[in-house]
Structures are given as structure tokens and as C-alpha cells.
There are 2 protein chains.
Amino acid sequence: MLSHTEENYLKALLKISTQNEGKDEAGTNEMAANLGVKPATATDMLKKLKEKGLVDYEKYGKITLSAEGKKNALAILRKHRLWETFLSKKLDFSWDEVHEVAEQLEHIKSEKLVDKLEEFLNFPEFDPHGDPIPKANGEIPVIKNTLLAAADVGTLYKVTAVKDTSSVFLKYLEKLNINIGTKIKVIEKISFDDSFVIEVNEEFKTNISLKFAKSLLVN
Amino acid sequence: MLSHTEENYLKALLKISTQNEGKDEAGTNEMAANLGVKPATATDMLKKLKEKGLVDYEKYGKITLSAEGKKNALAILRKHRLWETFLSKKLDFSWDEVHEVAEQLEHIKSEKLVDKLEEFLNFPEFDPHGDPIPKANGEIPVIKNTLLAAADVGTLYKVTAVKDTSSVFLKYLEKLNINIGTKIKVIEKISFDDSFVIEVNEEFKTNISLKFAKSLLVN
DNA sequence: TACATTTGTTAGACTAGTCTAACTTTATTA
DNA sequence: TAATAAAGTTAGACTAGTCTAACAAATGTA
Ligand SMILES: [Mn+2]
Ligand SMILES: [Mn+2]
Ligand SMILES: [Mn+2]
Ligand SMILES: [Mn+2]
């Protein structure tokens, strides 16, 4: 049985190793930063997880999830995203509020609970941030989407997911009336400061920064 | 912020101090037994909880909840019973399965979650075992009920709650088709072995032990 | 009231998870 | 390629929560 803490390390490793296309590994400092602990602490835990056969790791080397570790990490991610969906769909939490609570709920141990919850939610494929929810067998629904920053000028897209789930960003989106499913068209790219003019929902135009455009996924 | 463990101690103390009419206190061994730890461990924790002003406790003396401690304990009990209700009503858990999972869910920290959950469940007053769910302000709905063991012969009662929530007992009730709300009439008290003949749901008669009769609350 | 039993406490040890400070290895770059 | 910087590890210490073994206090009983 994995401890709350061990689970968080595995999830962090999964997150880091999937965030940059085909990266699939992490470093000690990166792990530590992600978990809000000191590198020395991460080193200790990594040794322990290696002992348990959950990560592949050699001193001074890169860290990757073992098959067993990945299975566990996916199970936690699955729970996290199902709970986020529950909070959002059933309890009216806004998309910037769900993460913190799901961070706790993801550690509840009960296979039955997860599967019943999934059923209760009608087998959702994506969480409130547009992220895919792993199935019980570990499969992850795929959607091919692009960064808004890489979108073609003049084409009508729909928002599929947010890459940045920070509260500031989500609240800003809310203010702009942008949500999953919102229609977006890039009207113009401003080379001067790499900003964009976009049209939201065919209703109004606004200027957004490159940082913003790199934080939204569309299709 | 209370730890998971501290919360369990407070809840155990609340449970012990309310279980026997007007008892309102507990001993170290009792606490330890209830929590599945050794008395030495309980002593240590009790000192800590006293330091934090959550329990009243003098060396070798009886243990009681302080006002602050009671507030916290009630909040945990509230969460426990709301989650049990959720599992039972929304996810089709049977009444012998809810406790174990609620034992974990009761520690999730989010005022908003509890209150939204309560709303989502339509402000239930009693959990699947018939136990009252404390309100956000700490008030506890009351029902006056009696042990089936003390019921009058010939009077028609309804089951209001179970005193014993062990899996064996609940599964046995299930087999007898007895649930919260089931109609029960005591047909006869057998003095030979202190057992009872009861009629369930005006459908069939069965013989039950004194232990059984002391584990069901009716009204 | 004295002895025995029950109840509760203390001391010392252990594990999980964390930290700081010092050190080592690997990577970068002048 | 040698110096510097960045990344990672080790050693030692601390806290929370637990245990066992020995002891002390309170209670029950003859
Ligand atoms: Mn977590
Ligand atoms: Mn999410
Ligand atoms: Mn608990
Ligand atoms: Mn209950």
C-alpha cells in the first residue's frame, strides 16, 4: 500500500515526464520543486521508490517511472481528474477551485469508489480543464490539439484544454468568457511584441500575450 | 490545522463520551482500544491534545472534550455521516460498506466541499445507519427512540437506527430484510434465554437474541 | 486495610518524512 | 580543457506517531 506521500511523488514524476513531448524523465531538483520539498528530501524518497520497484533511478542519473510505478501514477491521476469532474459538475465548484480539493481526494483508497464515481459521472473523458481522464485499465483518451500560439490565422477553433491551471489564468479566462468549447479565431499576429488579436465566440476581439496563447489548447 | 491522526482521536473521544447516556468522558485504555493503538500511544497524544486546548485531561484522570475539541469532533462526525449518505444514496454502496470509505473521506479539508455536499444531498438529517448528521453550526437533529429490547410487546414500531454498525450485524439485518424504516412488532419475550420473537414488516416472524434486540433502535 | 488487579504513565527506541550544511558529480562555458 | 555553475547526494538532526518494557497510581476485594 502506497502512502499519501509516495503517491504524490509518483504523480509528480508522471506529470513531469509527460509535460514536454517525449521527455519521459525527470531530475531530482525538478521533482523537489514540483512537490515543494528540498532536493535532499527528494533524493531520499527516490531511493525508497526505487527499492519498491516503482521508479528506475541510478545515482546522479535521470528518473523514470517503472511499469508498476506508471500504473500507480495513472490510477492517482484518474482519481484526481474524476474528483475534479465531480466537484465541477455536481457541486458547482469553479474550475480554479477543483484542483486543491482533488489533491486530497485523489488519495482515498477504494477501487469501488472510483469506479462507481466514474459511472455516476457518466464515464467522462475529460476533466474540467480539458485533460483526459485515464480509464480503469490505464488507457488515456486522446485528442489531437494545438497550442493557440501555433494556430492558423483566420481558422475557427474551439478551446479543448488549458495548459496552465493556475488560479490567475483560469480567473482571467473566466473574465474573458473563455471556457472549454469556446470558439476562438486568431485575427492577427502582432510581430512587434509577439502578441495576438483573437476573436472570442464570434462576439468580441481582444489582444492576448504569447504567454497566454501558449497556455490554451485548441482544435 | 489538525492532523489526520489528531482528528481520529477527537472523533473517538466524542464517540466514547456520547455512547453511554450521560457518560461524557473516557479513559486512556478505552481511547486506545477504540483507535487500535497501545495505551502508551494514547497517553502521548492526549498530552498533545491537552496542550492544544482540545481536551481536558489531568494525569490519571478522566478525559473530556473541551469546547474547541467538541466543535472539531462534531465537524468530523458531520463529514463522516454526510459522506456515508453520499456513498449510499448516490453511489449505491450498501450500508455495511460506507463506513470504511467515510473513515477516509471525513478528513478532507474544505468547508465548501462539506456544505456543497450537504446541499447536493438535500440536507439529510440522518445517515444510512439512522445516526443524526450534525449541522454546520454543530446542532444535532434529535429523535427519541428506544432499544428494541425495551419495546412494548404488541406495539408496532419502525426501525430508526442501528446501534451496532459492524458488517456482520448489518449483513444479517439485510438477510432479514430489515432496514431503516422497516416495521417491527415484538410478539413475545422468551424469558428462558432472554430472546425475542418479532414480526418483520407484518410479513414474517423470527426469533432474535437479546444482543440483537439491544443493537436496534425503534420508534 | 492490605493485597491483587486494572488502569495509566514513563523511558527509550523505531520509522516516515522532512530539513540544513557540506560535499560530489556532471554540465556549461570561457 | 580547465574553471565555474548547476544538479544531485550524504550526513546528521528534527517531528509526528507508534511500539515495548518497566513502573506508578487507582480501584476492587478479601
Ligand atoms: Mn496529492
Ligand atoms: Mn485538471
Ligand atoms: Mn478517520
Ligand atoms: Mn454511520
Side-chain angles (χ1 to χ4, degrees), chain A residues 1-13 15-17 19-20 23-65 69 72-73 76 103-104 106-107 109, chain B residues 1-13 15-17 19-20 23-65 69 72-73 76 103-104 106-107 109:
Chain A
M1 182 78 63
L2 297 177
S3 74
H4 186 117
T5 311
E6 289 168 330
E7 291 191 340
N8 282 337
Y9 277 81
L10 291 182
K11 198 182 56 149
L13 181 46
K15 187 176 171 192
I16 294 170
S17 22
Q19 72 192 3
N20 293 318
K23 185 163 173 279
D24 208 41
E25 55 175 39
T28 304
N29 287 355
E30 221 173 353
M31 288 285 287
N34 209 284
L35 291 157
V37 299
K38 291 286 140 73
T41 307
T43 300
D44 285 349
M45 181 57 85
L46 258 359
K47 283 191 222 164
K48 194 174 138 199
L49 293 174
K50 183 205 162 113
E51 273 325 295
K52 290 200 172 188
L54 297 163
V55 305
D56 296 319
Y57 163 64
E58 294 304 329
K59 212 197 267 189
Y60 293 107
K62 285 301 173 185
I63 307 147
T64 54
L65 282 167
N72 280 282
I76 302 157
E103 205 56 47
Q104 301 176 58
E106 71 192 0
H107 302 290
K109 263 116 183 147
Chain B
M1 183 79 61
L2 297 178
S3 73
H4 187 116
T5 311
E6 291 168 329
E7 290 190 341
N8 281 337
Y9 276 81
L10 292 182
K11 199 182 55 150
L13 181 47
K15 187 177 171 192
I16 294 170
S17 22
Q19 72 192 4
N20 294 317
K23 185 164 172 281
D24 207 41
E25 55 176 37
T28 304
N29 288 354
E30 221 173 354
M31 288 285 287
N34 209 282
L35 290 158
V37 298
K38 292 286 140 74
T41 307
T43 300
D44 285 349
M45 181 57 85
L46 258 359
K47 284 192 222 165
K48 195 175 137 198
L49 292 175
K50 184 206 161 111
E51 273 325 297
K52 290 198 172 190
L54 296 163
V55 306
D56 295 320
Y57 163 64
E58 293 305 330
K59 212 198 269 191
Y60 293 105
K62 286 300 173 186
I63 306 147
T64 54
L65 283 166
N72 280 282
I76 302 157
E103 204 57 46
Q104 300 176 59
E106 72 192 0
H107 301 290
K109 263 116 183 147

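A, B, ... follow the sequence lines: proteins, then strands. Residue 1 opens every chain.
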*Is the backbone N or O of B:Val37 less than 3.5 Å from a side-chain atom of B:Thr41, with the two atoms forming a donor-acceptor pair by type?*
no
*Write down the atom of B:Leu65, the atom of B:Asp56, and the distance for their closest heavy-atom approach.*
O-OD2, 4.1 Å
*Taking CD from A:Glu58 and P from C:dT26, how many angstroms apart are they, rounded to a whole number?*
12 Å
*Of the nucleotides C:dT9, D:dT20, C:dT26, which has the atom closest to the B:Tyr60 side chain?*
C:dT9
*Side-chain (A:Gln104) to main-chain (B:Lys109) donor-acceptor, under 3.5 angstrom*: yes
*asked:* Nearest whole Å is fine: how far is D:dA16 C1' from B:Tyr9 OH?
replied: 11 Å
*For B:Lys62 and D:dT27, what is the distance between atoms NZ and C1' respectively, to the nearest whole Å?*
11 Å
_Between C1' of C:dT15 and CD of A:Glu6, the distance in whole Å_ = 12 Å
*Looking only at atom types and distance, does a side-chain atom of B:Lys23 sit under 3.5 Å from a main-chain N or O of B:Glu25, one as donor and one as acceptor?*
yes
*If you round to the nearest 0.5 Å, how far is CD1 of A:Ile63 from OG1 of A:Thr43?*
7.5 Å
_Side-chain donor/acceptor of A:Glu7 to backbone N/O of A:His4, under 3.5 Å_ = no
What nitrogen or oxygen pairs link the protein and nucleotides 10-12 of chain C at under 3.5 Å?
from: C:dT10; atom 1: OP1; to: B:Lys59; atom 2: NZ; distance (Å): 2.9
from: C:dT10; atom 1: OP2; to: B:Lys47; atom 2: NZ; distance (Å): 2.9

*Roughly how many Å is it from CG in B:Leu46 to C1' in C:dG8, rounded to a whole number?*
10 Å
*B:Glu51 CD - D:dT15 P separation (whole Å)*: 15 Å
*Rounded to the nearest 0.5 Å, how far does CG of A:Leu54 lie from OH of A:Tyr9?*
14.0 Å
*Nearest-Å distance, NZ (B:Lys50) to P (C:dT9)?*
11 Å
*Quick one: closest heavy-atom pair of A:Met31 and A:Ala12, and the distance?*
SD-C, 4.3 Å
*CG of B:Leu49 versus C1' of D:dA16: gap in Å, rounded?*
12 Å
*List in numerical order all residues of residues 25-34 of chain A for which some heavy atom is under 4.0 Å away from an atom belonging to DNA chain D.*
A:Gly27, A:Thr28, A:Asn29
*Is a side-chain donor or acceptor of B:Lys50 paired with a backbone partner of B:Tyr57 at a separation under 3.5 angstrom?*
yes
